[in-house]
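First the proteins, then the strands, lettered A, B, ... as listed; each starts at 1. Note: hydrogens, waters and symmetry copies are ignored here, and every other heavy atom, side chains too, is used.
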Number of protein chains: 2
Amino acid sequence: MADRRLTRRLRKKAAAARSKPVDAAVANIDLGLLDGHLGYLVRRLQRWIFNDFIATLAPLGLRPAEYSVLLVIEANPGLTQISVANTLGIERARLVHIIDSLQGRDYVLRVASKTDRRSHALVLTNRGRSALKDIKALAAAHEKHLIERLGAERHGTLLKLLASFAYG
Amino acid sequence: MADRRLTRRLRKKAAAARSKPVDAAVANIDLGLLDGHLGYLVRRLQRWIFNDFIATLAPLGLRPAEYSVLLVIEANPGLTQISVANTLGIERARLVHIIDSLQGRDYVLRVASKTDRRSHALVLTNRGRSALKDIKALAAAHEKHLIERLGAERHGTLLKLLASFAYG
DNA sequence: TATTGTTATACTCTATAACTATA
DNA sequence: TATAGTTATAGAGTATAACAATA
């Protein structure tokens, strides 16, 4: 059960942050060589995005990593844990706990594999498929916040540039 | 003292990762809606960058957050802890430990403020200024890895796009 | 009353090692 | 011997709350 006060607080905080530039720009403090490092800027954007995602999905209490696992299982039912872990760049030891959590909410199921008794085939439950509809709606709302913040053009350009990094 | 075996391992791992696309592209596993979410791609890039940064600076054992704090203090000597924390988006409670660590290596000093006895003025020590030369050289090598991976053009475009997000 | 630095706590995420049961 | 899943541990980073000294 999600804590409604927590949800409200997170939403309010995220809404406030959504339109705000970082403090350095406001206070005119020099970043030194930092603004020549892409890593700094990528990290700031990544924090902003995750904070907004977590706040937007707070009613369902779903974290970014859990969301990514649900989407990959939906698109590739029967995938093993090691495949999901490698696909998403998550340690297999950590994925165990994420699957535990998703199974605890009755979103996914570990089915015994027929070909290899060491591994599990991961599938969505009916409840998982149903919940995913609401989850996707909130995730889309989050992406809308991001587009509002970046502008549709920059958002599209970034999607293309970064996709070609990841898959190129 | 940095562990040389750790350094070698990290360098080797980073060198291997530097030229490799993510596993999903290799194994042809469907990411579902995930490739429409900028957050996923930003997170993958951010992990790649931080891993390479940590591996490249392993001989000095300096983490990204520590590096960013050093640069800001260098560019703004006398800044208070709260200002550094707000500038970089680090919690002030966490910055305490980062400054502890940097002071423990004799890189920075907490000087009593003359105008407000609650706060500290942060400055680099001579040793800190000297170390920063080597640190910057390694950080530049890291940025070079990133440019090799992305291509100079994409790297430049991303710097511009993300800077206008952070400071716009 | 509010702010700066500090201490403490809880939780998420990364990284690694070791164990089991299978292959 | 190697791999899939699991358990355990250590460290980084985030988020909060509370306290002392000072404003």
Side-chain angles (χ1 to χ4, degrees), chain A residues 3 5-6 9-10 12-14 17 43-44 46-55 57-58 61-69 78-101 103 108 110-122, chain B residues 3 5-6 9-10 13-14 17 43-44 46-55 57-58 61-69 78-86 88-101 103 108 110-122:
Chain A
D3 178 350
R5 266 179 308 178
L6 173 69
R9 186 156 44 78
L10 284 173
K12 198 174 163 188
K13 193 178 162 188
R43 175 61 168 164
R44 295 297 303 229
Q46 188 259 317
R47 286 302 315 153
W48 190 97
I49 293 176
F50 271 40
N51 282 342
D52 186 82
F53 185 95
I54 292 164
L57 275 82
L62 205 74
R63 313 267 315 174
E66 297 171 327
Y67 174 68
S68 67
V69 169
L79 222 52
T80 62
Q81 291 185 200
I82 198 81
S83 293
V84 172
N86 288 339
T87 298
L88 293 173
I90 299 172
E91 284 296 324
R92 71 188 200 278
R94 176 163 151 62
L95 186 65
V96 171
H97 299 296
I98 295 177
I99 301 291
D100 283 349
S101 160
Q103 191 163 8
V108 308
R110 288 169 163 109
V111 178
S113 164
K114 292 176 181 175
T115 57
D116 184 339
R117 290 198 304 176
R118 291 172 304 181
S119 66
H120 302 147
L122 299 171
Chain B
D3 179 349
R5 264 179 309 177
L6 174 69
R9 187 156 43 75
L10 283 173
K13 192 178 162 188
R43 174 62 168 163
R44 294 297 302 230
Q46 187 259 315
R47 284 302 316 153
W48 191 97
I49 293 176
F50 271 41
N51 283 341
D52 186 83
F53 185 95
I54 292 164
L57 276 84
L62 205 76
R63 314 266 316 173
E66 296 170 328
Y67 175 69
S68 67
V69 168
L79 221 53
T80 63
Q81 291 185 200
I82 197 80
S83 293
V84 172
N86 288 340
L88 293 173
I90 299 172
E91 284 295 324
R92 71 188 200 277
R94 175 163 152 60
L95 187 65
V96 171
H97 301 297
I98 294 177
I99 300 291
D100 284 349
S101 160
Q103 191 163 9
V108 309
R110 289 169 162 109
V111 177
S113 164
K114 293 176 179 174
T115 56
D116 184 339
R117 290 198 304 175
R118 290 172 304 182
S119 65
H120 301 148
L122 299 170

Item to check | Gap between atoms CG and C1', on B:L88 and D:dG13 respectively (whole Å) | outcome: 14 Å

Checklist entry - Considering heavy-atom distances to DNA chain C, does A:I90 or B:H120 have its closest nucleotide positioned more toward the 5' end? => result B:H120

Checklist entry - Can you check whether B:R110 has a side-chain N or O nearer than 4.0 Å to OP1 or OP2 of C:dT6? => result yes

Next on the checklist: Restricting to side chain to side chain contact (heavy atoms under 4.5 Å, CB included), what partner residues turn up for B:A121, sequence neighbours left out?
Outcome noted: B:V111

Next on the checklist: Do A:H97 and A:D100 make a side-chain contact, defined as non-hydrogen atoms from C-beta onward lying under 4.5 Å apart?
Outcome noted: yes

Next on the checklist: Between C1' on D:dG5 and CD1 on A:I98, what's the gap in Å once rounded to a whole number?
Outcome noted: 14 Å

Checklist entry - Roughly how many Å is it from CG in A:L95 to C1' in C:dT14, rounded to a whole number? => result 14 Å

Checklist entry - Looking at B:N51, does any N or O in its side chain come under 4.0 Å of the phosphate oxygens OP1/OP2 on C:dT14? => result no

Next on the checklist: I'd like to check the side-chain hydrogen bond (donor to acceptor under 3.5 Å, both in side chains) partners of B:R63; sequence neighbours left out, ordered by chain and number.
Outcome noted: none

Checklist outcome for this item: To the nearest angstrom, the CD1-C1' distance between B:I99 and C:dT6 comes to 13 Å

Item to check | Close side-chain approach of A:T80 and A:H120, heavy atoms under 4.5 Å | outcome: no

Checklist entry - Quick one: A:Q81 CD to D:dT7 P, roughly how many Å, whole number? => result 11 Å

Next on the checklist: Counting the atoms with a prime plus P, OP1 and OP2 as sugar-phosphate, which does B:T80 contact under 4.0 Å by heavy atoms, base, sugar-phosphate, or nothing?
Outcome noted: sugar-phosphate

Next on the checklist: Tell me the closest heavy-atom pair linking B:S83 and B:L79, and the distance in Å.
Outcome noted: CB-CG, 3.7 Å

Checklist entry - Can you list the residues that meet the salt bridge (Lys or Arg N to Asp or Glu O under 4.0 Å) rule with A:R118, with sequence neighbours excluded? => result A:D116

Item to check | Test item: A:R43 and B:P64 side chains (from C-beta on) under 4.5 Å apart, heavy atoms | outcome: no

Output a table of nitrogen or oxygen pairs between the protein and nucleotides 8-12 of chain C separated by less than 3.5 Å.
unit_1, atom_1, unit_2, atom_2, d
C:dT12, O3', A:R63, NE, 3.4
C:dT12, O3', A:R63, NH2, 3.0

Item to check | Distance in angstrom units between B:R43 CZ and D:dG13 P, rounded | outcome: 11 Å

Next on the checklist: From CZ of B:R92 over to P of C:dA2, roughly how many Å is that when rounded to an integer?
Outcome noted: 14 Å

Next on the checklist: For a quick test of reading the model, state the closest non-hydrogen atom pair linking B:I98 to B:V69 and the distance between them.
Outcome noted: CG2-CG2, 4.0 Å

Checklist outcome for this item: Between CD of A:E91 and C1' of D:dT7 the distance, given in whole Å, is 14 Å

Using nucleotides 21-23 of chain C, report all nitrogen or oxygen pairs with the protein that are shorter than 3.5 Å.
unit_1, atom_1, unit_2, atom_2, d
C:dA23, OP1, A:R117, N, 3.0

Checklist entry - Can you name the side chain to side chain contact (heavy atoms under 4.5 Å, CB included) partners of A:R92, sequence neighbours left out? => result A:I82, A:A85

